[in-house]
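Everything below concerns the one structure shown next.
Note that these values count all heavy atoms, side chains included, but never hydrogens, waters or copies made by symmetry. Numbering of ligands and ligand atoms starts at 1, following listing order.
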Amino acid sequence: MGSTGVLLLNLGGPDGPEDVRPFLYNLFSDPEIIRLPFPWLQKPLAWFISTSRARKSQKNYEEIGGGSPLRRITEEQAAALKTCLQSRGVDAELYVGMRYWHPFTEEAIAQIKADGIGELVVLPLYPQFSISTSGSSFRLLEALWEKDAQLQAIRYSLVPSWYDAPRYVESMVELIRQELAHCPAETTIFFSAHGVPRSYVTDAGDPYQDEIEACVALIMAALGPDHPHVLAYQSRVGPVEWLQPYTEDVIIELGAAGAKHLVVVPISFISEHIETLQEIDIEYRELAEESGIETFRRVPALNTYPGFIAALADLVTDALAAPPCTFSEVNTSRKRVKLYPQERWEWGMTTAAERWNGRLAMLGFLALLLELISGQGPLHMLGWL
Ligand SMILES: C=CC1=C(C)c2cc3[nH]c(cc4nc(cc5[nH]c(cc1n2)c(C)c5CCC(=O)O)C(CCC(=O)O)=C4C)c(C)c3C=C
Ligand SMILES: [Fe+2]
C-alpha cells in the first residue's frame with residue numbers, strides 16, 4: 001500500500017474580481033445546484049445567469065476585499081490538520097479539492113495519483129450533507145473513479161457528514177459562549193444556515209434540513225435550555241421557494257416583537273467567506289439596525305480553531321480505522337436521495353424525445369438571449385435579474 005492522503009473538499013471562491021463570472025459559470029453549470037429537466041439547457045442557462053449576476057456578485061466581493069478568503073483558510077486548515085495528525089503518529093499528505101474554483105478537485109486528484117497515494121480519506125468541509133455540496137463533490141469524484149484504474153486501486157473512505165462529531169459540537173459551543181459573554185442575558189441565539197431550494201428536501205430526499213436541525217439541537221443541549229434561540233435559512237438565489245423561514249424575515253419579525261440583542265451563529269459554514277463576511281456582517285447587520293435590534297454580534301467561523309482541527313483529526317483517524325465507506329455505500333445509505341436528477345429524464349427516452357429536448361433548449365436559449373439584450377422578460381419579472 002502507498003502512503004496516506006486526506007482530501008478536503010470545499011466549494012471554492014473567486015480569488016479576485018475577474019474570477020467572479022467564470023466561478024459563477026462553473027457553479028451554475030452544476031446540475032446539483034440548478035436542477036433542470038433538460039441537460040441541454042444547463043450550460044446556456046449557466047452562461048446567462050453568471051453573466052447577469054456577475055456585477056452584483058463582484059460588488060459584494062469588493063466589500064470583503066475583492067475575492068473570497070476560502071482558499072487561504074482551507075489551505076491553513078489543511079496545514080493545521082496535517083500537524084495535528086502528525087502529533088497523533090499519522091503521517092498523511094493533505095490535499096484541497098474545490099468544486100467550482102482553484103484548486104479544482106480534478107487538480108487535487110491528479111496530485112494524489114502523482115504522489116502514489118494508496119489510502120485516502122475524503123472529508124468534505126461541510127458538517128451537514130446536502131445534494132448541492134458534499135453530494136455534488138462525491139458525484140464528481142465517482143465519475144473520475146469510474147474511468148480511472150489507478151484511482152480504483154486506492155483504498156478510499158468517504159465521510160458523508162459530521163454535524164454530530166463531539167469535538168465539532170464542543171467547539172461551536174465554546175465559540176458561542178465566548179460571544180455570549182459580551183451580550184446581555186436576554187440575547188437570542190440566531191442560527192443562520194445556508195438555504196437550499198425546498199424541493200431538494202421534499203422531492204429529492206436531501207437530508208440537509210434534518211441534519212441542520214439535529215446539529216442545532218445538539219449545540220443547544222450542550223449550551224443549556226436558558227437561551228432563547230431561532231433557526232432560519234439565508235442566501236436564497238432565484239425565484240423558487242427555499243427552506244423557510246428566511247433569515248431576513250426572522251430578523252424583521254424579532255425586531256418587531258421587541259427583541260434587542262442577537263448573536264448570529266453561521267451553522268453550515270466552518271470558514272469565513274462571502275456569506276459570513278458580507279451577507280451577515282454587512283447586509284443582515286444593516287437590516288437588524290433598521291429593525292430596532294441594538295446588539296448584533298456574530299460568532300466567528302471555526303477556521304483553524306484548535307478544537308475544530310482536533311475534530312477533523314478524529315474524523316480522519318476514525319475513517320482510517322473503520323471499514324471504508326465507498327460511493328456505493330453512501331448511495332445505499334441515502335437511497336432516497338436523488339443525486340442524478342437529469343439522468344432520470346434521459347433514461348429510456350426515445351430519439352424523438354431527445355430531439356424535442358434539443359429544440360426546446362434552443363428555443364429557451366434564444367429567449368434568454370433576447371431577454372438579456374432587450375432587458376425585459378419573465379426573468380426580470382421574477383427577480384432573477
Ligand atoms: C443557486 C443555488 C445555490 C445552492 C443550492 C447553494 C447551496 C449551498 N452553498 C453553500 C456554501 C457556499 N456557497 C458559496 C457561494 C455561492 N453559492 C451560490 C448558490 C447556491 N448555493 C452562489 C450564487 C454563490 C456565489 C456567491 C454569490 O454570488 O452570492 C460559497 C463560496 C463563497 C465564497 O466565499 O466565495 C460557499 C462556501 C452551502 C453550504 C450550500 C448548501 C447547503
Ligand atoms: Fe452557496
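- Annotation: protein N, O or S atoms under 2.8 Å of the Fe ion (ligand 2) (waters excluded) comprise H194 NE2.
- Taking the six-membered ring wherever Trp is involved, the centroid distance between the rings of F269 and H194 falls below 6.0 Å.
- The aromatic ring centroids of W47 and Y25 lie 6.0 Å or more from each other.
- Note: no N/O pair closer than 3.5 Å links Y200 and ligand 1 by distance alone.
- Close approach to L24 involves these atoms of ligand 1, each under 4.0 Å from a residue heavy atom: 25 (C), 28 (O).
- Residue contact check: F28 has heavy atoms under 4.0 Å from atoms 1 (C), 23 (C) of ligand 1.
- Some N or O of S57 is nearer than 3.5 Å to an N or O of ligand 1, by distance alone.
- Contact annotation: for R53 versus ligand 1, heavy atoms closer than 4.0 Å belong to the side chain alone.
- Remark: E63 engages K59 in a salt bridge, criterion side-chain N to carboxylate O under 4.0 Å.
- Heavy atoms of P14 approach ligand 1 to within less than 4.0 angstrom.
- For the ligand labelled ligand 1, residue L277 lies outside the 4.0 Å heavy-atom shell.
- Taking every non-hydrogen atom of T133 and a distance limit under 4.0 Å, the qualifying atoms of ligand 1 come out as 8 (C), 38 (C), 39 (C), 40 (C), 41 (C), 42 (C).
- Within the 4.0 Å heavy-atom shell around ligand 1 one does not find Q128.
- Checked against a 3.5 angstrom limit, the closest N/O atoms of Y208 and ligand 1 fall outside it.
- Of the possible donor and acceptor atoms, none in the side chain of S137 sits under 3.5 Å from a partner among the backbone N and O of S134.
- Under a 4.0 Å criterion applied to the non-hydrogen atoms of I274, ligand 1 contributes the atoms 32 (C), 33 (C), 34 (O).
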- Message: With side chain to side chain donor-acceptor pair (under 3.5 Å) as the criterion, how do S192 and Q234 come out once you've worked through the C-alpha distance, each side chain's angles and the decisive distance to 0.1 Å?
- Response: CA-CA 6 Å; S192 187; Q234 68 176 84; 2.8 Å; yes
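- Between F138 and F327, the ring planes are perpendicular. Angles over 60° get that label, and only those under 30° would be called parallel.
- For ligand 1, the polar-atom distance check finds an N/O of H194 within less than 3.5 Å of one of the ligand's N/O atoms.
- With salt bridges taken as basic N to acidic carboxylate O contacts below 4.0 Å, one links K82 and E93.
- Remark: R236 qualifies as a cation-pi partner of Y246 under the 6.0 Å distance and 45° angle criteria applied to the six-membered ring.
- Under the 3.5 Å distance criterion, the side-chain polar atoms of Y200 are matched with a main-chain donor or acceptor of I33.
- In terms of polar-atom proximity, P69 is not counted as a contact of ligand 1, lacking any N or O under 3.5 Å from an N or O of the ligand.
- Close contacts of ligand 1 with F23, meaning ligand atoms under 4.0 Å from a residue heavy atom, involve 25 (C).
- Of all the heavy atoms of E275, the ones lying under 4.0 Å from any atom of ligand 1 belong exclusively to the side chain.
- Side-chain N or O atoms of T105 include one that pairs as donor or acceptor with a backbone N or O of M98 at under 3.5 Å.
- Atom numbering of ligand 1 starts at 1 in the shown order; those under 4.0 Å from a heavy atom of G13 are 35 (O).
- Residues R198 and D203 are not paired through a salt bridge, judged by the lack of any N-O separation under 4.0 Å between the basic side chain and the carboxylate.
- At least one cation-pi condition fails for R167 and F308: the charged atom is not both under 6.0 angstrom from the six-membered ring centre and inside a 45 degree cone around its axis.
- Checking each of E179, E275, E272 against R298 for a salt bridge (Lys or Arg N to Asp or Glu O under 4.0 Å) leaves exactly one that passes, namely E272.
- Residues that satisfy the side chain to side chain donor-acceptor pair (under 3.5 Å) test with T74, not counting sequence neighbours, are absent from this structure.
- Here the side chains of E75 and P103 are in contact, with some heavy-atom distance below 4.5 Å.
- Counting heavy atoms closer than 4.0 Å to ligand 1, residue L11 contributes side-chain atoms (C-beta onward) but none from N, CA, C or O.
- Taking only nitrogen or oxygen atoms, main chain and side chain alike, Y126 does not reach within less than 3.5 Å of ligand 1.
- Which parts of ligand 1 touch S68 is read off a 4.0 Å heavy-atom cut-off, strictly below it: atoms 33 (C), 34 (O), 35 (O).
- Proximity of Y233 to ligand 1 is not established, as no heavy-atom distance is less than 4.0 Å.
- For the pair Y61 and ligand 1, a heavy-atom separation below 4.0 Å is found.
- Every atom of ligand 1 is numbered from 1 in the order shown, and the set under 4.0 Å from a heavy atom of V196 is 41 (C), 42 (C).
- Heavy atoms of G12 approach ligand 1 to within less than 4.0 angstrom.
- Between R88 and D314 there is a salt bridge, with a side-chain nitrogen of the basic residue lying less than 4.0 Å from a carboxylate oxygen of the acidic one.
- Looking at W101 against ligand 1, nothing comes within 4.0 Å, counting heavy atoms.
- Under the 3.5 Å distance criterion, with hydrogens and angles disregarded, no donor-acceptor pair is assigned to the side chains of T187 and H261.
- Under 4.0 Å from ligand 1, the heavy atoms of L27 that appear belong solely to its side chain.
- Put simply, the side chain of V122 does not reach to within 4.5 Å of the side chain of S157, judged on heavy atoms.
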